[in-house]
Amino acid sequence: MPDPYQVWLSEVMLQQTTVAAVAPRFQRFLGRFPTVAALAAAPAEAVMEEWAGLGYYARARALHAAARAIAAAGAFPPDAAGWRELPGIGPYTAAAVAAIALGQPEVPVDGNVERVVARLFAVTEPMPRAKKTLAALAQGFSSDPAMRARPGDFAQALFDLGATICTPKNPACALCPWREGCAGQAMAADLPVRAEKVPRPMRHGAHFLALDGAGRVLLGRRPGHGLLGGMADIPGTAWTGAPWTDAEALAEAPFAAPWAAVPGVALHGFTHFQLTMRLFWARVEIPGTNQDWRPLAEAARILPTVFRRLLVLAEGAGVR
DNA sequence: GATGCGTGGTA
DNA sequence: TTACCAAGCAT
């Protein structure tokens, strides 16, 4: 049976994240934190740095907290209900770990499984209201002898069916092993019925890139919760509904310096809003000891993508 | 139950 | 290019 730590880590990384994006990051993370004990013993900053670029940073905070809970308990939870109590573990991940790592007869219901079930039973109720219906129907797999014999492989097979045959667009029904029993084949491409999407508003920010004489950049640290919680950042204004004028932005600078505006803007899309950022930079020599100065290459590695865009903007403008 | 929470790939 | 999508969870 697979190592529960590795199954747990991979399932958390895969939450709303593609296999292609996860694969190299999983190996790197495992190299740095090979066991749950090593993860539990690590400082939070190290865990957040290792997660940089993967997104949904609450996952990393919860993963670390759960590792410490497991280390304190001295053992992994013995079943899905036990896993469900850990931070960052919801119904899906608890069932996936129990099925794959523990061989227990659980059915993890993710987006793939919802889609397969919606088509198999021709569920036309719109999402997200249909989630309860789909989960209940998915529980019907529990009586399948193949599922009882190999719960982990059954779950993986269901994911693979959804990822390769029963795809969101252009499903390959002709190749589907379940086509004969599929009630929704004729309308497969239109299921499940999605809720209407709301347009993403635009927000605006201004940030301040302080460079010293040795190619180092001054970083800040975000509060430990909410958007990008716990991650390093490039200091700046709040992200507001209107653009910042030079005067407004400079009044928000973290300290007095000969700030110069970098031409252009950096753009970044979040799930729920789009962001336009201006950038000011200055060469400064600060004797302080508590600031977090990092070489540019290191900063680019540990910053979330939204702030890496500012480094790219600066580099393109010849700032270094 | 609706909303907040990232990012990169694909059509 | 814009829009959509990907092995969800917390509040």
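Numbers restart at 1 for each chain; the letters A, B, ... are given by sequence-line order, proteins then strands.
- Nucleotides B:dA2 and C:dA7, compared at atom C1', are 23 Å apart to the nearest Å.
- Applying a 4.0 Å cut-off to non-hydrogen atoms, none of the residues of residues 77-99 of chain A approaches DNA chain B.
- For the P atom pair drawn from B:dG6 and C:dT11, the interatomic distance equals 14 Å after rounding to whole Å.
- Ring planes of A:F76 and A:W83: parallel class, angle under 30° (limits at 30 and 60°).
- If you look at A:W51 and A:Y56, their ring centroids are not closer than 6.0 Å.
- Close approach of DNA chain C to chain A, defined as any atom under 4.0 Å from a non-hydrogen atom of the protein, starts and stops at C:dC4 to C:dA10.
- Because its NZ or CZ atom is not both nearer than 6.0 Å to the ring centre of A:W239 and within 45° of the ring axis, A:R200 does not count as a cation-pi partner of that residue.
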Identify all pairs in which a protein N or O lies below 3.5 Å from an N or O of nucleotides 8-11 of chain B, and state each distance.
residue, atom, partner, partner atom, Å
B:dG8, OP1, A:T305, OG1, 3.4

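- C:dA6 and B:dC5 are spaced 23 Å apart, taking the P atom of each and rounding to whole Å.
- Follow the hydrophobic side-chain contacts under 4.5 Å out from A:W244 and you never reach A:V265; the two are in separate clusters.
- At a threshold of 4.0 angstrom between heavy atoms, the contacts of A:V12 with the nucleic acid are absent.
- Below 30°, between 30° and 60°, or above 60°: for A:F270 and A:H268 the angle between ring planes is above 60°, a perpendicular geometry.
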